[in-house]
Amino acid sequence: DQQVKQNSPSLSVQEGRISILNCDYTNSMFDYFLWYKKYPAEGPTFLISISSIKDKNEDGRFTVFLNKSAKHLSLHIVPSQPGDSAVYFCAASVTGGSEKLVFGKGTKLTVNP
Amino acid sequence: GAGVSQSPSNKVTEKGKDVELRCDPISGHTALYWYRQSLGQGLEFLIYFQGNSAPDKSGLPSDRFSAERTGGSVSTLTIQRTQQEDSAVYLCASSINYGYTFGSGTRLTVV
């Protein structure tokens, strides 16, 4: 039972355009969401997060949107750069309990020069 | 050290052998996690240590898997009688207040 789903295993965009990575979740108890970025042979690194009390969080070229009613979040990268090419994982958690994160399967983003 | 350190970085073992994977978390991080990533899969939760509390072992796939965390610091993940389906990248992370920092992982190959 996948509680966090990233239905697109891969995405390819042109440099300078917008990248939109999507994530859906099924557990309505989740109230904290994160995006991680992973390069080959490295561990995932934290990118951006959002609490369920917000519907948008922005950090430079990265913006995360949360639609609680649809149980959907998305990561927007604009403008996309070749160095953004990596696997992006969506993760979710229930605050107030353990800090355990539930991860999606990841989306491999390729930004073409 | 500055980050989470895992060793070895690569391990090839024969089916049926036992393996031990080590994780050195960031000093001061009270929480430590083990995840694994099998080919084409996401990050699968295995086990979670938080301070002196009993570990959350709910993600361990079988009783061949065990982990311990000595002195609230270094952790060892042990897989007994390895099987080919155990082949994966095993990732350790430590955190404080959701600030997960992952190590680079141990790539385990069971032949």
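- To the nearest 0.5 angstrom, A/L66 atom CG is 10.5 Å from A/N57 atom CG.
- Using a 4.0 Å cut-off between a side-chain N of Lys or Arg and a carboxylate O of Asp or Glu, B/D18 and B/R64 do not qualify as a salt bridge.
- Of the atoms belonging to B/Q37, it is side-chain heavy atoms, and not backbone ones, that fall under 4.5 Å from chain A.
- At least one donor-acceptor pair under 3.5 Å links the side chain of A/T107 to the backbone N or O of A/S8.
- Within a 6.0 Å radius of NZ in A/K108, no more than 12 heavy atoms belonging to other residues, nucleotides or ligands are found.
- Proximity to chain B is limited to the side chain of A/K38, based on heavy atoms less than 4.5 angstrom apart.
- Neither the backbone nor the side chain of B/T30 comes within contact range of chain A; no heavy atom of the residue lies under 4.5 Å from a heavy atom of that chain.
- Between chain A and the residues B/C92, B/G42, B/A93, the largest count of heavy-atom pairs under 4.5 Å involves B/G42.
- The parts of B/L43 that come within reach of chain A are both its backbone and its side chain, each placing non-hydrogen atoms under 4.5 angstrom from that chain.
- Residue B/Y35 forms a ring pair (Phe, Tyr, Trp, His ring centres under 6.0 Å) with just one option from B/Y48, B/F45, B/Y90, and that option is B/F45.
- Both the backbone and the side chain of B/Q41 come within contact range of chain A, with heavy atoms under 4.5 Å apart.
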